[in-house]
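Okay, so here's the structure we're looking at.
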Amino acid sequence: MATLQDFKTEEKSWWCPGCGDFGVLAALQKALVKVGAEPATTAIIAGIGCSGKIGNYINSYNIHVTHGRTLPAALGVKLANRTLRVLAVGGDGDAYAIGMGHFMHSLRRNADITYIVMDNHVYGLTKGQTSPTSETGFHTKTSPQGSIEAPVHPLMLAVAGGATFVAQGFSSWQPQLADLIVRGMEHHGFSLINVISPCVTYNRVNSYDWYKKTLVNLDEDPTYDRSSRARALTRLEETDELVTGLIYQEASTPYEEKIPGFLKTPLAHHDGHIAQEAWDALLEQFE
Amino acid sequence: MATLQDFKTEEKSWWCPGCGDFGVLAALQKALVKVGAEPATTAIIAGIGCSGKIGNYINSYNIHVTHGRTLPAALGVKLANRTLRVLAVGGDGDAYAIGMGHFMHSLRRNADITYIVMDNHVYGLTKGQTSPTSETGFHTKTSPQGSIEAPVHPLMLAVAGGATFVAQGFSSWQPQLADLIVRGMEHHGFSLINVISPCVTYNRVNSYDWYKKTLVNLDEDPTYDRSSRARALTRLEETDELVTGLIYQEASTPYEEKIPGFLKTPLAHHDGHIAQEAWDALLEQFE
Amino acid sequence: MIAWKIGGDQGEGIDSTGDIVIHVANRLGYYVYGYKSFSSRIKGGHTHYKVRLGTHPIQAATRHTDILVALNQETIELEGSELQGGVILADSAFSPVLPPGLDAQLLALPMTQMAKELGSGLMRNMIAAGASAALMGLGIQPFYDYVAKRFGTKGAEVVKANQMALQRGYQALSESAHTLKTTWTLTPPIPADRLVMTGNDAVALGALAGGCRLMCGYPITPATDIMESLVKWFPSVGGAVVQMEDELGSITAAIGAGFAGARAMTATSGPGLSLMQEAIGLAAMTETPVVIVDTQRGGPSTGMPTKQEQSDLLAMIYGGHGEAPRIVITPSSLEESFEDGYEAFNLAEIYQTPVFIATDLSLALWQQSIERSYVQNPVPIERGKIVKTFGSNTSEPFQRYAFTADNISPRTLPGTPGGQYLATGVEHAPSGKVSEAPENRARMMDKRLHKIQSIHSRRQGFLVQGPANADLMLIGIGSTAAVNREAAQLLQQSGIAAAVGWFRTIAPFPHELFASATQGSLHILVVEQNATGQIAQLIQMQGLYDQRFATLLKYDGVPFLPEDVAQYAQQLIASSMEVTH
Amino acid sequence: MIAWKIGGDQGEGIDSTGDIVIHVANRLGYYVYGYKSFSSRIKGGHTHYKVRLGTHPIQAATRHTDILVALNQETIELEGSELQGGVILADSAFSPVLPPGLDAQLLALPMTQMAKELGSGLMRNMIAAGASAALMGLGIQPFYDYVAKRFGTKGAEVVKANQMALQRGYQALSESAHTLKTTWTLTPPIPADRLVMTGNDAVALGALAGGCRLMCGYPITPATDIMESLVKWFPSVGGAVVQMEDELGSITAAIGAGFAGARAMTATSGPGLSLMQEAIGLAAMTETPVVIVDTQRGGPSTGMPTKQEQSDLLAMIYGGHGEAPRIVITPSSLEESFEDGYEAFNLAEIYQTPVFIATDLSLALWQQSIERSYVQNPVPIERGKIVKTFGSNTSEPFQRYAFTADNISPRTLPGTPGGQYLATGVEHAPSGKVSEAPENRARMMDKRLHKIQSIHSRRQGFLVQGPANADLMLIGIGSTAAVNREAAQLLQQSGIAAAVGWFRTIAPFPHELFASATQGSLHILVVEQNATGQIAQLIQMQGLYDQRFATLLKYDGVPFLPEDVAQYAQQLIASSMEVTH
Ligand SMILES: Cc1ncc(C[n+]2csc(CCOP(=O)(O)OP(=O)(O)O)c2C)c(N)n1
Ligand SMILES: Cc1ncc(C[n+]2csc(CCOP(=O)(O)OP(=O)(O)O)c2C)c(N)n1
Ligand code: SF4
Ligand code: SF4
Ligand SMILES: [Mg+2]
Ligand SMILES: [Mg+2]
């Protein structure tokens with residue numbers, strides 16, 4: 001069994017002191033240990049952004065792709081080798097701006113991938129521009145007079161988009177966050193865990209204190225029914241998504257299990273062999 | 001006042017006989033006449049697909065862009081000249097596959113654009129592949145054993161994505177469709193009109209007959225409250241989006257009206273003049 | 001050799017009629033080549049399908065037509081001029097008229113009426129096929145056999161109905177045979193075991209044989225067939241086709257799979273290529289294998305989606321920002337398409353980098369004969385430097401991007417204990433960790449850019465057929481290479497010692513080989529289906545384009561014809577002789 | 001000339017300290033140039049900022065440093081070697097140590113302590129600035145004035161606090177002045193009215209003056225400033241900046257706006273450029289004006305986002321599928337950046353086609369002096385062939401793509417009655433309607449590709465400074481052209497008749513001008529910040545790269561230094577003399 005230490009690297013982190021991303025990293029590492037993951041069979045696909053550097057700090061097979069394309073890459077990894085535990089990780093810009101199309105399609109495709117979005121409502125690495133989750137009125141370098149767009153509501157979109165697992169965590173609430181990641185990984189199919197991960201440098205509005213005051217923990221609400229899409233949507237709308245916990249889950253068959261005739265063993269180790277009869281049968285159409 | 005004839009071109013249509021797109025074209029032309037539009041001040045931005053050819057048959061300023069990019073182009077047109085009536089038109093693949101990211105962001109940006117999606121649940125022009133709105137199990141050239149993905153639900157996504165006007169029409173139900181397009185154009189802000197437009201060549205499942213049997217006209221339901229996002233979502237989920245009519249609308253201020261200091265007159269006719277004092281004030285920061 | 005053509009409206013079954021003729025002729029042992037002209041619309045609009053059949057290999061179209069099956073008057077107007085003394089087989093339903101001055105015999109048969117008598121207007125094309133069989137002297141039985149095979153799964157009744165239609169057409173023609181001014185008798189073919197397929201088929205089969213088990217794509221003409229074939233074939237061998245949401249997703253999913261050890265591919269055409277440029281740089285930077293098929297079509301932008309062009313070469317080589325290794329291989333025949341279909345994966349894994357298979361619409365879509373023996377299975381599979389296990393003392397982190405003598409570093413596949421690493425599109429140290437150190441940067445750039453150079457010792461990047469000291473060498477790529485081969489034959493027939501040269505690898509450019517192979521030629525004509533002479537520009541970049549070179553360009557969407565290339569070449573030689581003597 | 005540098009951790013205020021020094025020096029009438037080194041992270045990691053100031057224009061960095069302000073020991077270790085006899089001004093808080101062998105004087109000042117005494121650790125950098133003022137003999141009053149201006153909006157107290165810190169540093173240094181082994185006395189500057197700005201600022205100002213009122217962008221280093229500046233400036237002139245969801249959206253929105261008649265732009269760097277390739281083809285095909293700024297950075301893929309490179313040239317020219325006209329203009333100074341900033345819009349509208357302004361990280365980000373008179377308003381605005389009204393007998397549909405003598409067709413802007421047309425990325429007839437007719441296709445391709453050639457009569461595509469019959473010409477582009485200008489001065493000082501040549505237009509290539517302008521030079525060295533010699537390849541493609549040419553490449557992310565270029569050039573000349581004599 002791998003320990004926490006096994007998932008760490010020598011690399012010292014490049015995040016600003018106090019950045020919420022430290023908490024996401026810690027919770028993810030804890031969750032990996034908890035589910036019994038091994039570094040060699042864990043694949044992490046990270047996006048571009050402060051958040052995307054997370055792969056540098058976890059000992060596993062990591063690929064750090066182009067901005068916004070974590071999910072297609074993760075799909076490729078999963079299909080290449082179904083025995084791997086596949087996680088995609090990136091920022092709110094990576095996920096919901098440039099990556100929006102892939103996000104929506106990954107939900108409905110439902111491959112067994114755990115997607116962790118490190119949501120700080122701002123573009124960190126490019127030094128403080130508006131992000132899709134920035135609130136209307138938020139002042140940034142590209143919205144000096146305040147953002148004039150309505151923010152994206154990732155949780156509602158996920159539920160409406162056909163997600164089979166939707167959760168939200170907060171980087172300061174470690175036990176819950178680690179637990180949500182564990183549940184996401186254990187879910188058969190695509191799981192979205194949107195994580196509130198404050199940017200202490202470029203977002204002074206949505207701060208730790210602000211979240212601690214406003215976030216409501218749905219996991220503590222025994223009346224909440226996480227199996228109804230319509231009810232999840234209603235609750236998310238009412239609360240403006242200022243909730244944590246598991247929001248929606250439904251039993252599902254992952255994409256890779258539905259592909260006709262698809263190999264269960266890793267394509268990665270396939271020798272390419274085709275039985276002669278199969279080959280001949282195939283050529284018949286060209287006769 | 002422009003007449004129906006004014007919106008027609010010499011070009012004879014390239015669609016298959018019986019294609020639903022004829023109905024969309026007809027309704028759109030009728031709606032343009034009804035709102036008092038003029039060819040010279042109407043701009044149509046069309047995507048790539050059978051649907052995208054619609055611009056060839058309407059006399060107006062038309063730009064036929066790359067696959068999936070109608071909405072950014074439409075935004076550019078609108079911002080360049082706010083006095084134009086701007087419509088974007090494309091297929092379900094154009095809108096919800098390659099164009100999904102722009103779709104979601106156009107909803108929340110809410111510029112005054114009318115978006116008509118000609119939804120045939122299939123890729124027509126490339127000869128019959130699965131589209132994002134294809135139903136699970138639908139057989140196509142790329143899903144010979146049936147599609148294994150959950151379809152996109154464009155109406156739910158629009159409502160959850162912050163749309164201010166969401167409607168669905170059916171190409172055979174001309175008066176309602178024309179009326180919905182009129183209302184979309186009259187709406188201040190972004191309006192989505194998803195139009196069921198059967199492909200008689202590559203989609204034999206979702207046929208005219210099938211739709212006539214299954215579609216429910218919400219406009220005829222006096223109890224339906226189209227001002228509540230949560231209720232719209234619930235109804236759409238219950239009906240699997242097999243409804244026509246105006247689904248959701250809210251009063252809104254379009255994007256272009258919120259941009260600080262933005263010119264109301266067309267940028268297109270701006271002479272680039274900058275008052276000397278303004279220029280000097282600007283240069284101060286470099287002193 | 002016979003050139004048979006059928007023309008009519010799109011969506012009227014032109015394709016399937018041509019398909020039947022081409023398959024039957026091939027089964028009889030003739031070499032066949034089929035060329036279609038079609039538009040970017042589904043129904044309506046003029047289309048035609050031309051089949052050449054003969055006893056020698058045919059790899060290109062030609063202007064001349066012997067037999068024209070006309071399903072409407074438009075076909076006669078538009079295609080009639082190709083006939084010089086041939087026969088037009090027309091449906092009398094549209095009261096065909098032979099325009100004045102047309103040197104052809106018009107034979108009207110009541111095809112529509114006969115079809116109606118058989119109970120289905122759809123049978124018209126079968127009647128045309130039966131009549132064609134008689135006209136070409138091919139016999140009717142092979143047609144019966146073929147429809148039995150082709151429609152077998154649809155039930156005996158369907159087969160029967162089609163056979164009856166064939167028979168009616170055959171008989172009707174035979175009855176009018178005495179009125180014919182021209183008849184055709186082909187040399188009997190030497191029996192052979194050949195298949196009929198397109199370049200797309202050959203590439204897809206090659207990929208399949210080469211161990212590709214994942215194809216992530218997005219439909220686009222003329223590449224879609226590859227996805228559509230693989231999605232039919234994969235279930236029997238355990239592979240998967242994913243129709244992605246766009247090309248950005250397609251290529252990135254394929255790269256993810258390559259990182260994780262699968263042989264994965266995508267296939268696209270111009271617009272998709274442009275969208276993939278960023279991700280291709282990622283594959284190059286992370287040294288991840290991936291195969292991209294670009295079936296070129298008329299550009300730029302949406303351009304002419306159903307028309308022939310070879311105008312993406314520079315974009316494949318130089319299209320991404322920054323400088324990254326890109327291998328571009330260029331099949332020019334079905335055989336080479338099959339070979340490159342699997343070899344691309346070997347190259348991608350050996351060199352750990354993106355590999356393009358650059359084809360073009362003509363090569364990708366038009367059917368030809370190919371010896372069955374060429375489409376062999378198994379094919380050589382080489383996976384390059386993969387480390388499978390580590391000793392027990394694996395405390396050192398794996399150096400994924402270690403500097404080595406051949407600039408290729410051993411890689412691990414996810415799942416291998418001790419082989420974990422970070423693959424990143426950011427510049428990195430040998431360990432994979434991000435590094436901005438100037439010295440490391442320069443070495444890494446050198447490593448990546450140099451590693452692919454050794455490809456030239458693995459495969460011949462430029463091939464030549466014909467005399468070493470040619471009067472003229474015709475240089476081509478993809479389907480124009482095939483056109484050139486026939487053009488060279490024509491030139492040889494008029495006494496010119498013509499050679500053909502074609503690229504098998506265009507990037508990295510086979511500098512040495514190209515220089516030596518072209519050395520002996522007096523004149524060199526680069527034949528390209530584009531407007532700016534992209535191959536010529538690449539030769540220029542190598543400093544090898546000297547005064548012996550000339551360029552023949554065509555960019556109107558219509559493929560080169562061998563006779564036109566030959567004629568141009570002859571003029572070129574003639575005019576240069578005027579100048580020099 | 002003095003070279004002053006400050007080093008420390010990212011996020012510690014290094015930038016603002018450098019900014020103060022550079023602005024004050026500029027206000028005093030010195031020419032200034034600032035160079036920063038930074039990483040793709042927000043806080044932490046070594047960074048430094050170097051300011052050169054003197055009485056002659058300065059457009060490049062240099063290796064030598066006179067004064068090093070060290071905020072940590074790492075700075076001394078990493079940057080100390082640049083000092084030969086200079087002074088290290090260190091914060092005594094970290095107990096600075098002069099490493100053995102370092103030829104510099106270490107002067108430790110209790111900066112942190114003084115700052116704390118002033119009540120805020122943040123004041124440390126102001127103390128360093130004050131001390132620097134004394135060391136460079138600049139006087140403290142100009143610093144007071146500048147902070148009063150800069151922090152004025154933050155209130156009198158903030159200004160006061162900063163001035164006190166400046167004063168403390170100034171005084172502390174003055175008190176230790178007698179211990180200094182080296183002191184600097186700059187020639188008093190000739191009073192002048194100059195501004196300090198970056199290439200990005202100059203381009204943005206040019207765009208603004210040129211009537212650009214819409215900028216659709218997506219943040220990316222090093223282009224983001226352009227968007228961030230315009231979003232600040234536009235409200236006062238009625239323009240809009242839209243932060244789009246990605247670069248595909250950015251470019252397409254700009255194209256939509258261009259179609260509708262606005263002067264619209266986007267700005268990006270490598271990864272964004274790759275994503276824009278498809279849409280750029282659309283603009284070219286629909287003949288729609290659009291301006292794209294590419295501030296090149298280290299590639300490929302994410303590469304080295306904060307490092308200098310010039311490796312997107314081929315991608316800008318050849319990166320899209322198919323063949324489309326692309327104009328690429330290349331400023332090499334602030335003046336040229338401003339000029340191209342507006343001229344790009346003139347070119348885009350005159351030629352109705354996409355225009356790239358190709359800059360690079362060094363030019364885009366580093367501050368320099370520029371005469372205020374150069375940044376003038378208004379600037380020439382030319383909108384090309386726009387038809388504003390039609391006669392009353394406008395029954396004929398407008399022929400948007402009419403063939404004309406200069407290949408440019410009159411266009412209409414939406415809103416103009418009678419001017420309606422279809423702009424499509426599909427090949428089209430003069431009317432705009434889709435057409436696949438071969439003859440029309442070929443003419444349309446010719447029209448689009450040829451129309452931009454006349455640009456060379458409008459602007460000089462290649463400029464030369466220095467003797468016509470030079471021993472050596474240094475050729476560059478963007479910021480390397482500026483490096484070359486200083487290198488040429490160094491060469492001239494050592495008796496070599498050196499000239500500099502630089503591109504103002506790289507596509508279409510200024511063939512004639514380049515050929516004639518380089519004719520007289522004995523040796524020609526192409527200096528490029530990339531690994532494959534892209535400019536040299538372009539010269540090759542023109543058949544103009546003869547034996548006089550050589551190439552000097554650098555692709556480690558660090559800008560060329562004039563002294564290194566000069567040294568290499570000297571060796572080149574020396575070695576070639578050995579060979580020839
Ligand atoms: C194609 C492309 N466009 C733009 C960029 C520049 N870029 C780097 S990170 C980033 C956004 C970062 O925001 P987010 O995803 O929220 O991550 P964060 O830094 O906030 O964690 C951008 C725009 C890029 N690398 N690639
Ligand atoms: C970038 C790019 N990818 C792929 C294509 C090929 N293509 C043309 S139309 C189309 C999809 C058509 O489907 P849809 O949008 O539903 O329109 P329909 O034809 O059904 O009306 C595709 C994939 C293209 N033109 N450009
Ligand atoms: S800029 Fe923000 S998101 Fe980035 S490391 Fe710093 S605190 Fe974290
Ligand atoms: S293929 Fe389908 S969508 Fe296209 S024109 Fe024909 S019926 Fe209409
Ligand atoms: Mg963020
Ligand atoms: Mg469709």
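Throughout, a chain's letter reflects where its sequence line sits, starting with A, and its residues are numbered from 1.
Just one of I259(A), T253(A), N110(A) meets the side chain to side chain contact (heavy atoms under 4.5 Å, CB included) condition when paired with I148(B); it is I259(A).
Atom CE of M100(B) is separated from atom NE2 of H105(A) by 4.0 Å, given to the nearest 0.5 angstrom.
With a 4.5 Å cut-off on non-hydrogen atoms, Y96(A) touches chain B through its backbone but not through its side chain. Contacts between L233(A) and chain B at a heavy-atom distance below 4.5 Å involve the side chain alone, from C-beta outward.
R108(B) and P132(A) get closest at one heavy-atom pair: NH2-CA, 3.4 Å.
With chain A as partner, the option from P260(B), G162(B), G146(B) having the largest number of non-hydrogen pairs under 4.5 angstrom is P260(B). No other option in G99(A), S143(A), A150(A) has as many heavy-atom pairs under 4.5 Å with chain B as A150(A). Most heavy-atom pairs under 4.5 Å with chain B: of the set R229(A), H153(A), R231(A), H102(A), this distinction falls to R229(A). Counting heavy-atom pairs closer than 4.5 Å to chain A, the top-ranked of the candidates T136(B), L236(B), L157(B) is L157(B).
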